[in-house]
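Scroll down for the structure; my scribbles are underneath it.
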Protein chains: 2
Amino acid sequence: MVDVAARAGVSVKTVSRVVNNAPYVQPELAQRVLAAVAELGFRRNHLASSLRSGQATATIGLLIEEIANPFYATIAGAVAEVASDHDTMLLIASSEEDPAREQQLLRDLCARRVDGLLVVPAGEDHSFLQSEVDLGTPAVFLDRPAGELRADTVLLDNRGGARAGVRTLVEAGHRRVGILLDSTSVYTMRERLAGAREALAAAGAAIDDRLVRDGIRDPGTAARVVGELLDQPDPPTAFFSLNNRISLGAVEELHRRGSTAALLGFDDFDLARLLPYPFTVVAYDTRALARAAAELLFRRIAGDPSEPRSLLIPTDLVERGLPGR
Amino acid sequence: MVDVAARAGVSVKTVSRVVNNAPYVQPELAQRVLAAVAELGFRRNHLASSLRSGQATATIGLLIEEIANPFYATIAGAVAEVASDHDTMLLIASSEEDPAREQQLLRDLCARRVDGLLVVPAGEDHSFLQSEVDLGTPAVFLDRPAGELRADTVLLDNRGGARAGVRTLVEAGHRRVGILLDSTSVYTMRERLAGAREALAAAGAAIDDRLVRDGIRDPGTAARVVGELLDQPDPPTAFFSLNNRISLGAVEELHRRGSTAALLGFDDFDLARLLPYPFTVVAYDTRALARAAAELLFRRIAGDPSEPRSLLIPTDLVERGLPGR
DNA sequence: CCAGGGCCTGACAACGTTGTCAGATCCTCG
DNA sequence: CGAGGATCTGACAACGTTGTCAGGCCCTGG
């Protein structure tokens, strides 16, 4: 900048004014400055600028579990759109479900003085963010609630969606429902399971805990577990799969066996139409979830001082039949 | 930092030394500093730090077309892993295939003084990056070559893969091959098309340009175009679809009609096993592409001064049969 | 006993930018 | 004709940090 100023024969302050489109600069001087900028290939240092002018790095941090996962990629895409509307860049970090890594990454994002944080939490305790939030870095949590921290939260209606879905199973006469899930350590899974229990309880059907199977991480395992449940005496007449990775394995196994058991899944698929065995799913709008969170964050960044808010994004029952009937 | 120094009764420089684990600090003083840091909730300002110490913002920029697209999400995931190994954060921007936007975003990333750039180019001319590269911000292009700029490039073997794929069609006796593509304005599409032409030419089968259909952006259009081609006199006996969005529509339409035409696709699918109509695809390792590019970038950041390199990631023919036979 | 080196600390300037303020010029209006 | 405002410009300090350097202490070895 000093070089540009020297070249244009003006002060650095005038250069600063020109590159920031500040008012009150003679057109002729501005021309000279612009020429010098072009000749010297000058580019304003955004870091120095936001250091000096206090806040506004025009960057927000997004912390998710894993960028390559389509769910999080969709979130990232929707957040990027909203950020772009606010001329803001996106710093993305993946916690890989590791609370220690999450904490370190969040600290790092704060050290980079992001204007705000969007977090899909992995850990249980986010009190370490309290000081940052107090110091003016707003944080919005999405998909899962924050632990030990009062903050804005945008969640899916996991419980309500699961309840509505399982109710259709119940109404179709099913009482023995196999429930397939990833891990109860994840909030969304617990909520979906709770919703399923509520729907069964409402029908007076106590849930059979031997039909609830945990720790299913991939379609292969899901297929195996479905097989095991079907092979035991008094097998389930329907399955509720708590995410689409599991649904995939389940549908394959049911198809392979020509089973008539019903299947209900949480999470929709892109390629649902192509599956050999259509089934009803509890769908939701991932982009709406992410957009709501991002928009809330930008309201906070703009200075909205109101009480922390909790938004619930509705789910949608997409009926593709219950093939087991 | 001055507050911490005051609280601990030391100079700011000593605080700096402690928070950077510099040697030659009395353990007792370090203790006092650490205590003050904890009490005051001090967090080092990474911006100021990298401003003062010259380079190394420990951030790289990734410019892609669209984050929500699984191809780019996979790239982002692999890049994030490599970046994480180098304790580097990832600033991600989406050009949405708009060259003007791409240029603006790249300039913005440079203004943020990223240590390096990873670019899936949208535009044709990247000479505006020359000054940045000269000034020490290395750039690596991936999936598509840079325009008007000598720079490292990591590409898929689009042409070779298409040639190998179409050769299998030719060997199976097909001479009339319908070719379905998105847009010839995209480099990868042109290469794949060229590979297909080469394979057909090698068999002495001149390509019939009426069978090459352009501008197919979604599965629905793909399905319609397949129908049109099949309905015309002397229809193709095989199709080569240049990306998986198109393959999806094509396979649906072929399935719907019970057609015996063969189908070959570029791009593999996650759910390929579940498709009702298996077909051979030209697959590739997106993660390998991205990792190679990221690793090359970090070598440049570390100071590797060698000539710009061009890497070619091989494709892999995954034979799932040619159902048309 | 002193030279020389390792250990430890702090004052100061600087990174590239912009907020603040003072000053200069010009115009307008009473 | 002068006061007051609008327009324009630059000197200076400051943002939060770290590189440089000077200086102090203590030890070791000749």
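Numbered from 1 within each chain, the chains take letters A, B, ... in sequence-line order.
In terms of modelled atom types and a separation under 3.5 Å, the side chain of Thr153(B) and the main chain of Ala151(B) share a donor-acceptor contact.
Sorted by first then second residue, the ring-ring contact (aromatic ring centres under 6.0 Å, His included) pairs that include residues 22-65 of chain A, not counting sequence neighbours, number zero. Counting only residues at least two apart or on different chains, the side-chain hydrogen bond (donor to acceptor under 3.5 Å, both in side chains) pairs with a member in residues 84-94 of chain A are Ser84(A)-Arg101(B). Among residue pairs with one or both ends in residues 132-154 of chain A, those qualifying as ring-ring contact (aromatic ring centres under 6.0 Å, His included) are His126(A)-Phe141(A); sequence neighbours excluded.
Not a single salt bridge (Lys or Arg N to Asp or Glu O under 4.0 Å) links Glu66(A) to another residue, sequence neighbours left out. Scanning for salt bridge (Lys or Arg N to Asp or Glu O under 4.0 Å) contacts around Asp304(B) gives Arg300(B), Arg309(B), with sequence neighbours left out. Listed by chain and residue number, nothing satisfies the salt bridge (Lys or Arg N to Asp or Glu O under 4.0 Å) test with Arg113(B) (two or more places apart in sequence, or in another chain). When the side-chain hydrogen bond (donor to acceptor under 3.5 Å, both in side chains) test is applied to Arg190(B), no partner is found at least two apart in sequence or on another chain. Listed by chain and number, the residues in a side-chain hydrogen bond (donor to acceptor under 3.5 Å, both in side chains) with Gln130(A) are Asp134(A) (sequence neighbours excluded). Legend: residues meeting salt bridge (Lys or Arg N to Asp or Glu O under 4.0 Å) with Arg299(B), ordered by chain and number and at least two apart, are absent.
Using a 4.0 Å heavy-atom criterion, one finds that Leu29(A) contacts the sugar-phosphate atoms exclusively.
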Using a cutoff of under 3.5 Å, can you pull out all pairs of nitrogen or oxygen atoms linking the protein to nucleotides 5-7 of chain D, with atom names and distances?
from: dT7(D); atom 1: OP2; to: Tyr24(A); atom 2: OH; distance (Å): 2.8

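Bending across the helix from dC1(C)-dG30(D) to dG30(C)-dC1(D), expressed as the angle between its end axes from five pairs apiece, amounts to 40° (10° rounding).
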(message) Across nucleotides 17-26 of chain D, 5' to 3', mark each nucleotide with B, S or - according to how protein heavy atoms within less than 4.0 Å reach it.
(response) BBBB------
